[in-house]
Trainee: 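Sharing a structure below in structure tokens format, with a few things to ask.
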Amino acid sequence: MHIYMRKVDYIMKTRRGFFRLLLSGLLASRFAPAAWASPVPEKGFHMVNGWILTDSDVEVLSRYES
Amino acid sequence: MIVDAGVVDRTLFSRVFDVCVVGAGPAGITLAESLAAQNLDVALMEAGDLEFTSESQELYEGDIVGMDYFDLDVPRLRFFGGTSNHWDGRSRSLDPHDFRPHPWHALSGWPVTAAELDPWRAKTDEILDLPPRDVFPDEIVEGAEDDLRSIRFRRSPPTRFNTKYRDGMAASGRITLVVNANLVDLRLNEALTTVETAVFRSYDPDDTGFTVRARAFCLCMGGLENPRFLLNARSQMPAGIGNAHDQVGRYFSEHPTYRIGEVLFENGAPKSRGYAPTPEMMDRLEVLNSNILLLSEGLDPGTEALRSLACSADFMEELARKVLGRGFDCGVGGLSAYFEVRRSEAWHHGGLGIIIEQALNPDSRVLLSDRRDRFGHQRIALDWRLAPLDIHTMRETAVVMGQYLASEGIGRLQVADWLLAEPARVPGLWDEGHEVALSHHMCTTRMSDSPKEGVVDRNCRVHGMENLYIGGSSVFATGGHANPTWTIVILALRLGDHLGRNLSEHALKVDDPAERLEPA
Ligand SMILES: Cc1cc2nc3c(=O)[nH]c(=O)nc-3n(C[C@H](O)[C@H](O)[C@H](O)COP(=O)(O)OP(=O)(O)OC[C@H]3O[C@@H](n4cnc5c(N)ncnc54)[C@H](O)[C@@H]3O)c2cc1C
């Protein structure tokens, strides 16, 4: 079982706090930290729409684009 | 022997114990057993009963004021055996380089080395019922020799400290296990350097409490409760005990656990595997340690056969479709439509997960809430925060994995949008696919040479106090990526031997059968 579900399961077994848990999960604030720097792939690699591709991938894909 | 604080004749506590250990989870039980084996008399004081009770567990409730986190009475258990009553048994030592300082990670480095813990390795494995260490050695990863190691964890059955040690404690002439005994205060000498007595209360509303005297005291109440207690202990020290430099509760570290990418496998799905960065990669990219999980999620052979019938697109076509968003015709009508709908599952795919060591962040901390518990103590307000170094670590590590998968022809990785966003949109507990945290509470009374950078010294003694010690993951100087219990146990054994040596003169003196406790 997913570790978190096991915890929820545990709470339900002890018949306490489940809805409060749900609510705190939904309402809790999120902390979005500042970035360090954008990661840049090494020479020979590229990042396209988040995909990490090789030189040859990019070359093949350029044929699909044209 | 085992006694219940609610009903026991309290003249039992007129004696002076060698050590008073507070909290009977893996840390407290290991320490008590180690001290008893050295002929020391131990009072092991446990807040809960021998089994789960709501009145004890309720005392763990608190508030979340930072990032999304589990309700605080969920990721820990407050009865004999502590949280080992539902731990998973995933075990691994910290890596030797976890103990070293890294210039890009402020305050990092332990006052002790990994090698200094070696004498207690075998005993730790025995306590956690682990298979021999060399069953799963870390391995060099072909194609990423400089950057990655393939790693595995050992599994404890998992050892339940409650069932493993209960009978032995009942029969022990050295350990007095007192259940339903809640630590509510420590009374110090006039110079405020020595603990003279610890004050406990049971759950009886009319109980005014009782004191336990000992030569040394050790708090083993868990990584959230150790700092909470010290911050609440203000009867003689206005900032709390051990908090002269405002360090108690700071640097709260978890093991942030997220899905950081999606993988399209090139030649069938490999087995799921775990990796970790080499020390060289950590130095080169200035990243923290991590456990990188390549997750294989499809396809089963039947679906794979159907897919190849329905769609003859090769890997590069599928990749083009994903990267460029272009569609391709896929042969036979009905199945084709089916796979158009379920396209993401119509190829060998998987994910990239990561469990990172968290950067030491003084603003990530255990604070006190305005809400109070039945003993008048303020509850926890947990302000968990990530730092830019955590995000940097996940981004750089994802890129290294993406390069490795592509160059070895294993597959292609798409780094998750949330991670590449500026600023990163860190997932919360209810975002699917993310564990977020692992119920590991570390570094809140961290070990440091300087009292300005932590709470305990290299021997787990609270800075500025002569006889107050702390056990558990709150003393970790940094968290590493490994699950904490193995390190909690080895540190408790080391502390046991340290106290044994320091108190041995006294131990000899009291090793008189007339003074020894009789089992119940
Ligand atoms: C679901 C889950 C899965 C886990 N899986 C793993 C895993 O696979 N691997 C791993 O390494 N770790 C795992 N852990 C973490 C592991 O359980 C803890 O690291 C470990 O139990 C901590 O040991 P401890 O003795 O320091 O604290 P605890 O086990 O929390 O024990 C603290 C004890 O102190 C007592 N206490 C508290 N307050 C007081 C008080 N005021 N007075 C007296 N006594 C008090 C409590 O009742 C408790 O018995 C998991 C945790 C959870 C929740």
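Keep in mind it's a predicted model, so treat the numbers as computed, not measured. Note on naming: letters A, B, ... go to the chains in the order of the sequence lines (proteins, then strands), and numbering restarts at 1 for each one.
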Trainee: When only pairs under 4.5 Å are counted, which of A:Asn49, A:Ile52, A:Val40 shares the most heavy-atom pairs with chain B?
Mentor: A:Ile52

Trainee: List for me each residue that meets side-chain contact (heavy atoms from CB on, under 4.5 Å) alongside B:Arg371, sequence neighbours excluded, and say none if there are none.
Mentor: B:Glu61, B:Asp63, B:Ser369, B:Arg379

Trainee: Quick one: does A:Trp51's side chain get under 4.5 Å of B:Val415's, heavy atoms only?
Mentor: no

Trainee: So if I apply the side-chain contact (heavy atoms from CB on, under 4.5 Å) rule between B:Val323 and each of A:Val58, A:Asp57, A:Val48, which one comes out positive?
Mentor: A:Val48

Trainee: State which residues pass side-chain contact (heavy atoms from CB on, under 4.5 Å) with B:Ser272; sequence neighbours excluded, sorted by chain then number.
Mentor: B:Ser296

Trainee: Under the side-chain contact (heavy atoms from CB on, under 4.5 Å) rule, collect the residues that match up with B:Glu145, sequence neighbours excluded.
Mentor: B:Ile140, B:Glu142

Trainee: Quick one: CG on B:Leu413 to CE on A:Met47, what's the gap to the nearest 0.5 Å?
Mentor: 8.5 Å

Trainee: Would one find more than 12 heavy atoms of other residues, nucleotides or ligands at under 6.0 Å from atom CG of A:Asp55?
Mentor: yes

Trainee: Name, in order of residue number, those residues of residues 397-406 of chain B that have a heavy atom at a distance of less than 4.5 Å from a heavy atom in chain A; otherwise write 'none'.
Mentor: B:Ala398, B:Val399, B:Gly402, B:Gln403, B:Ala406

